[in-house]
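Throughout, a chain's letter reflects where its sequence line sits, starting with A, and its residues are numbered from 1.
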Amino acid sequence: MHGRVLIAMLLAALIATPAFADRYVISVLILVFYFAYVGQAWNLMMGFTGQLSLGHSLYVGLGAYVAAGLWLHAGIGPWLGVFAAIAVAAAVGSVTGWLSWRFGIEGVYFALLTIAFAEFTRIGFDHIDMLGAAGGLFLPVNAEEAGQWWNLRGGPLLFYYLALALVAGATLAVAWLRRSRLGYQWVAVREDSEAARALGVDVFRAKMIAMLISSGMTAVGGVFYAFYHRNLFPGQVFEMGRSIELILAPIVGGLGTVFGPIIGAFILTPLGEALIAATERSGFNAPGTKAVFYGAALIAIIYLVPSGVWPWIARRLGFSEHRQ
Amino acid sequence: MTTALLTVTDVSKRFRGLTAVDRISFEVAPGEIFAVIGPNGAGKTTLFNMIAGVIACDEGAISFDGARIERERPDRIAWRGVGRTFQIVRPFPALSVEDNVMVGALLRSHHLDAALEITHAVLRQLDLFDKRLHLASTLTLPDRKRLEVARALATQPKLLLLDEVMAGLRPTETDRMVGILKEINRTSGVTILLIEHVMRAVMALASRILVLHHGARIAEGAPNEVVRDPAVITSYLGAEAL
């Protein structure tokens with residue numbers, strides 16, 4: 001039970017943070033929340049169901065472009081547009097899942113297929129003139145819309161609390177799913193799909209549901225991304241590097257755990273920011289310096305706690321219910 | 001006999017040139033413990049996997065509880081009430097013993113509380129209750145074998161298919177497993193079809209035995225008749241069994 005108290009205290013602290021943190025800290029925390037959120041979505045696929053997607057930028061991008069496009073061309077605000085974004089991403093996700101799992105494409109081949117889908121979508125969007133094509137899509141900043149939170153126009157605080165709410169909601173949903181019938185089926189599929197099948201688990205259905213939820217959730221992150229950054233380039237949002245970026249937090253934090261993606265995001269995003277600051281201050285900011293140190297830090301963390309930081313912390317705090 | 005729970009009729013399976021199972025027919029009555037024995041490569045596991053829906057038979061029919069199942073998927077067959085174990089145990093290693101069994105229990109009870117109740121009852125039956133919070137990967141082989149049975153049993157099957165659950169167990173562990181299976185059969189009335197090499201267990205458990213050799217049936221009947229059958233002795237049990 002003291003775990004719940006700890007979480008409540010952490011949440012209260014994060015709600016209170018803007019009262020005494022400066023703009024820079026707020027902007028870093030928004031990034032942390034964003035990566036924690038999309039990390040939760042990706043973790044449903046890989047951490048719970050054991051399906052490695054290396055193309056989740058596809059769903060971020062689709063969510064972003066659908067909501068931004070609806071807003072620019074039809075005047076439909078993001079709070080409505082998000083539903084269209086979820087629907088489009090989930091539809092594309094289910095096509096990807098259906099094509100692979102119906103035809104027995106598993107493991108690394110599935111991963112390759114997810115990359116392929118993200119890549120050809122990127123190339124496709126490079127040619128959709130209505131959405132700015134390769135030149136990018138920009139959400140204009142009009143003075144009269146300032147402060148219209150219902151159009152996701154506002155200062156950092158709006159996005160801070162929105163992102164915090166997304167993470168909190170996603171974490172609750174994931175925690176609930178993990179302890180649901182579906183959640184048990186997911187981990188059974190991850191551990192041994194043949195044995196799961198023998199226990200009556202419809203493996204294809206379980207994977208498809210994971211894909212639907214994960215892609216739909218990720219698209220919500222995309223809508224956030226679009227209205228926070230207010231510019232979209234296919235070469236940036238759909239790029240494979242973006243997919244890799246969003247899987248690091250759950251891997252470092254702990255695959256298949258509810259708090260792993262959050263812990264991972266809290267470690268990696270500030271680490272990246274600190275490295276930028278350090279390389280700038282030291283004057284040693286040749287291109288790629290940050291990436292080298294970031295990579296070294298990742299290697300060190302994964303070497304020290306191979307199953308993730310959160311399981312390690314949980315053991316230290318006595319939260320782990322398993323006896324080794 | 002129309003009351004049979006499982007009816008296998010003229011089932012065959014060929015792998016390239018090799019006939020693994022050759023026109024096998026048998027029936028298992030509700031509540032019975034039925035054993036399939038035979039030397040390695042006799043086609044026991046192939047037969048077993050056809051009943052469980054893992055491999056499709058080339059010919060023949062399999063009926064379970066009044067329905068044809070030879071073209072159904074393994075999860076549908078499990079849903080109909082066939083629980084199975086694997087010859088080489090396949091626990092979910094990163095899950096606790098309890099969570100392993102929960103996956104099975106959730107097949108029929110959609111509520112976690114109800115599933116947990118079933119899980120605990122099954123774990124007590126299989127002597128695993130005290131280890132319910134251990135990770136499955138940390139269990140010893142005898143414990144894993146019992147976990148395999150617990151998981152299948154948690155699906156509340158009408159028919160329990162056991163694929164060499166005694167293999168690799170010491171005699172005391174074998175006797176323990178025999179005792180548990182007898183008790184389960186007696187109290188819940190679940191029908192058991194087992195493939196087994198350990199004759200000590202087969203003789204203690206089975207009410208009827210089917211003997212396979214090179215995919216074909218060479219004998220079927222009560223245990224004490226089958227072990228005295230000359231064909232069984234020469235092909236499987238060996239002369240020393242006399």
Worksheet entry | Heavy-atom contact with chain A under 4.5 Å, split by part of B/R76 | neither
Response to the item:
So, the part of B/L112 with a heavy atom under 4.5 Å from chain A: the answer is side chain
Discussion item. I'd like to know whether CD1 of B/I88 has more than 12 heavy-atom contacts from other residues, nucleotides or ligands below 6.0 angstrom.
Written reply: no
Worksheet item: Is the closest side-chain donor-acceptor distance between A/Y184 and A/R178 under 3.5 Å?
Response: no
Response to the item:
Of all heavy-atom pairs linking A/G256 and A/N43, the shortest is N-OD1, 3.0 Å
Fill in: Contact class of B/V97 relative to chain A, heavy atoms under 4.5 angstrom
neither
Practice prompt. Quick one: which of B/P157, B/A52, B/S137, B/P93 has the most heavy-atom pairs under 4.5 Å with chain A, could you say?
Written response: B/P93
Fill in: Residue-level contacts of residues 142-155 of chain B with chain A, using a heavy-atom cutoff under 4.5 Å
B/R151, B/A152, B/T155
Item to complete: Return each pair, listed once, that meets side chain to side chain donor-acceptor pair (under 3.5 Å) where at least one residue sits in residues 93-104 of chain A; pairs must be two or more places apart or across chains.
Response: A/Q51-A/W101
Discussion item. According to salt bridge (Lys or Arg N to Asp or Glu O under 4.0 Å), who are the partners of B/R186, at least two apart in sequence or on a separate chain?
Written reply: B/E183
Worksheet item: Taking the side chain as C-beta and beyond, is there a heavy-atom pair between B/T191 and B/K158 under 4.5 Å?
Response: no
Discussion item. Whether B/D65 and B/R80 form a salt bridge (side-chain N of Lys/Arg under 4.0 Å from carboxylate O of Asp/Glu) is what I want to check.
Written reply: no
Worksheet entry | Residue, of B/L161, B/L106, B/V82, that accumulates the most heavy atom pairs under 4.5 Å with chain A | B/L106
Worksheet entry | Within residues 192-212 of chain A, residues adjacent to chain B where the heavy-atom gap is under 4.5 Å | A/D192, A/E194, A/A195, A/A196, A/R197, A/A198, A/L199, A/G200, A/V201, A/D202
Worksheet item: So is A/R181 actually on top of A/W186's ring, under 6.0 Å and inside 45° of the axis?
Response: no
Discussion item. Tell me if the OH atom of A/Y303 is crowded by more than 12 foreign heavy atoms within 6.0 Å.
Written reply: no
Fill in: Nearest-0.5 Å distance that lies between atom CD in B/E70 and atom CG in B/D58
12.0 Å
Worksheet item: Should the heavy atoms of other residues, nucleotides or ligands under 6.0 Å from CZ of B/F15 be counted, would the total exceed 12?
Response: yes
Worksheet item: Taking atom CD1 of A/I247 and atom CG of A/L52, what is their separation to the nearest 0.5 Å?
Response: 6.0 Å
